[in-house]
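Encoded as structure tokens, the structure appears first; notes follow it.
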2 protein chains.
Amino acid sequence: MAVTIKDIAKRSGYSFATVSRALNDRYGIDPKTLKKIKAVAEEMGYRPNQIAKSLVSRKTKTIGLIVPDLANPFFSTLLFHIKSLADAADYSLLICMSAWDPAKEEHELKLLFERRCDGILLYPSDPIDAKALDLYKIPICVFTDQEDDRGQVFFVGIDNEYGGEIATQHLFDQGYKRPAFLGGNQHSASSIARCRGYENICNKQKVNLPEAFISTGAFTIDSGYDRARTLLAMEPDIRPDAFFCANDLIAMGAMEAVTLDGLRVGADIGIVGVDNVIYAGLPQIRLTTMDIPLAELAKRGWLELMDLLAENGDKKETSDEKKASSSEEKQANSLLEPTLVIRETTDKSRRKK
Amino acid sequence: MAVTIKDIAKRSGYSFATVSRALNDRYGIDPKTLKKIKAVAEEMGYRPNQIAKSLVSRKTKTIGLIVPDLANPFFSTLLFHIKSLADAADYSLLICMSAWDPAKEEHELKLLFERRCDGILLYPSDPIDAKALDLYKIPICVFTDQEDDRGQVFFVGIDNEYGGEIATQHLFDQGYKRPAFLGGNQHSASSIARCRGYENICNKQKVNLPEAFISTGAFTIDSGYDRARTLLAMEPDIRPDAFFCANDLIAMGAMEAVTLDGLRVGADIGIVGVDNVIYAGLPQIRLTTMDIPLAELAKRGWLELMDLLAENGDKKETSDEKKASSSEEKQANSLLEPTLVIRETTDKSRRKK
DNA sequence: GTGAAAGCGCTAACAG
DNA sequence: CTGTTAGCGCTTTCAC
């Protein structure tokens, strides 16, 4: 169908080995032949078959990316950053969506392995078992705040527990007394860590909150709305007076629930989200939220993966020391700190609703 | 490195041809051999090398998707829908970002071709030349409202001109007299079509607006903000009293500019966007906008592409008549109609700012 | 039923 | 400098 190296060999009168060399600028070729072969190739509209190349080179120049949910702006923004990095490094990106389902995640992992990706970037839908990951003989970099670090698998992540702490602390500082935590997906490591931070501060403040104040659910506006409504339906003296939400979507749902109940966001009920999506800063929203350094996270993950690839491809002897030294470095700075962006949804003196 | 068909042939005592047959459930194999081979494969953790399979089958079960900008929620939502469809059909997705640059777009096209994608889904950054696309010997489906239909290339799209018309008409109906058009990327076919719709209605209304009322720029909040500020800085009697924005991001930027100037969104300045992103409906925003049936668009494009693949793979003789008949059908319903979602940003009697 | 052999498009020694 | 010969891992005739 498509024109191959043999076609252009026939047409140019050279053997296909010479054609291959010429097209790949290997040295040891007569400038004239080179010119002629390139001309013929151009004329015939030749495009190398990367499938065939990959088969022999054992490299695909392809990275697989697995995220739980592409509809979530957090992940689509992460994807955007990673894609930009991939472009710059001349890698293609194969994307997969686990839909927060560990079984599907494993399936995608297998698939990426079968397609012989050079490496994998994984944002797990579940706390990850590093050993299991090691089975895939591919360099994998995992986005999470877990601390393990073995084999081919590396971790980079956000310090979500710390994030949960400063967010919750901020709520208390602002004068709210009974913050509730509207979590995300039940198994989401990020959500779990943020919850831990929330609990740390609640304990420190020595407040005792009902169990119902901690909930999990989808990372969506609707889920936030529903859960906030439920909590707000409690008696005024025992219901929450603030929501720490596992992401901005949930927070926006909560905001909606608050206003619908005739309460004022900020003045009556404080709200803080996580992610700092572009909409959070709009004058009509002004959501207090944790900013996650997504571009930086993407970059770290990408660089880490590239390191892994380099180690793998190169020597095997020297890699041990290199690895040791580089992972030490990593350990020191591998958790990125989110920062609190204070806006009006946690402002008790806020006028407009 | 990884275990191959030969390894399991050696271990099981069969020839690798038999192993291949067994693993792919070809018939004509002794049930016992089959069972044994599968057991050995399982035990050794065999995973077929899709690269090698692709080389012989000439199929990669991969679709390439090219969009201008993954950071734009419109495209990430489109991606989400397409990815869902791809999952269901057992295709992998290779994503590319053209960054609104026709040169990069062409480069990505070449790349996808070299990787021997089975088909390509293209959301062009520019009005497309169908003939040029025909050069790539791959089925391509293009998202646009252009009408051409030749060769391997098919088009599906949104009727953006019509969308521009009803949006602008709505503005006049609400009592605004001097709508401006805040366009998107200069070469964006969608933006251009929406502008045409806007102009159609302005002509019909026999209003004569300054040239400056039509602008192009990035599809971003900042761009909308900047351009709205500029226009709002004109003398009150000649400046626009409404903005029709090429997408919701631009519209949100415009809203920001309006409130910053002490004007009221709706009462003083009407605003309508396009896309109906999830945030547009929030109680704090309530943006009037054109809803684009994105899920439907993704589905149409995907199905169209699958059709193309089927035709291509199957016979070559019968395909001509099939093609003729199917493209007729397509022509009849290939442009999807956006619908206007009326909210408060075009409500002159709106109270709150 | 199963094995041997050819070949997908390309790269990489090894000879000339 | 260029041609010949092996494969990369797998599917697919074609024999036995």
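Model, not experiment: these values are computed from the prediction. Here is how names work: the chains are called A, B, and so on, in the same order as the sequence lines, proteins then strands, and each is numbered from 1.
If you measure from atom NZ of B/Lys53 to atom P of D/dC8, you get 18 Å, rounded to the nearest angstrom. Atom pair B/Ile5:CD1 and C/dC8:C1' shows a separation of 15 Å (rounding to whole Å applied). In this structure, CG of B/Asp7 is placed 13 Å from C1' of D/dC10, rounded to the nearest angstrom. Atom-to-atom, CG of A/Leu34 to C1' of D/dT2 comes out at 13 Å; the value is rounded to the nearest Å. Between the CD1 atom of A/Ile51 and the P atom of C/dT11 there is a distance of 13 Å, rounded to whole Å. Atom CG in A/Leu23 sits roughly 13 Å away from atom C1' in C/dG9 (whole-Å rounding). Atom CD1 in A/Ile37 sits roughly 11 Å away from atom C1' in D/dC1 (whole-Å rounding). Following rounding to the nearest Å, A/Ile8 (CD1) and D/dT2 (P) show an atom-to-atom distance of 13 Å.
Here OG1 of A/Thr77 is found 8.5 Å from CG of A/Asn72. Values are rounded to the nearest 0.5 Å.
Between the side chains of B/Ser92 and A/Arg115, a donor-acceptor pair is found at a separation under 3.5 Å.
Distances from the side chain of B/Ala17 to the nucleotides D/dT4, D/dC10, C/dA5 place C/dA5 closest. The side chain of B/Phe16 lies closest to D/dC10 when the candidates are C/dT11, D/dC10, D/dG9. Candidate nucleotides C/dA4, D/dC8, C/dC10 were compared by shortest atom distance to the side chain of A/Leu55, and D/dC8 ranks first. Of all nucleotides listed (D/dG3, C/dC10, D/dC8), D/dC8 comes nearest to the side chain of B/Lys6. In this structure, of D/dC8, D/dT4, C/dC8, it is C/dC8 that holds the atom nearest to the side chain of B/Arg58. Side-chain proximity of B/Asn49 to D/dC10, C/dG1, D/dG3: nearest is D/dC10. Candidate nucleotides C/dG3, D/dC8, D/dT12 were compared by shortest atom distance to the side chain of B/Arg26, and D/dT12 ranks first.
Salt-bridge formation is detected for the pair B/Asp25/B/Lys38: a Lys NZ or Arg NE/NH1/NH2 atom is positioned less than 4.0 Å from an Asp or Glu carboxylate oxygen.
Using a 4.0 Å heavy-atom distance criterion, A/Ile29 is classed as a sugar-phosphate-only contact. Among the protein residues, A/Thr33 comes within range of the sugar-phosphate backbone only, with heavy atoms under 4.0 Å from sugar or phosphate atoms but none that close to a base. B/Tyr14 comes within contact range of the sugar-phosphate backbone alone, with a heavy-atom separation under 4.0 Å but no base atom that close. Residue B/Tyr27 is classed as having no contact, given no heavy-atom separation below 4.0 Å to the nucleic acid.
The base of C/dG3 sits within donor-acceptor range of the side chain of B/Arg21, with an N or O pair under 3.5 Å.
When the side-chain nitrogen and oxygen atoms of B/Ser15 are compared with OP1 and OP2 of C/dG3, one or more of them lie within a distance under 4.0 Å.
Around the NZ atom of A/Lys104, the shell of radius 6.0 Å holds more than 12 heavy atoms that belong to other residues, nucleotides or ligands.
Nearest-nucleotide mapping onto DNA chain D: of A/Val56 and B/Ser20, the residue sitting toward the 5' end is A/Val56. Nearer to the 5' terminus of DNA chain C, by closest-nucleotide assignment, is the contact made by B/Thr18 (compared with the other of B/Ser57 and B/Thr18).
Contact between B/Ile5 and B/Tyr46 at its shortest, heavy atoms only, is N-CE1, 3.8 Å.
Looking at A/Ser188, A/Ser98, A/Ser190 one by one, the single match for side chain to side chain donor-acceptor pair (under 3.5 Å) with A/Tyr123 turns out to be A/Ser190.
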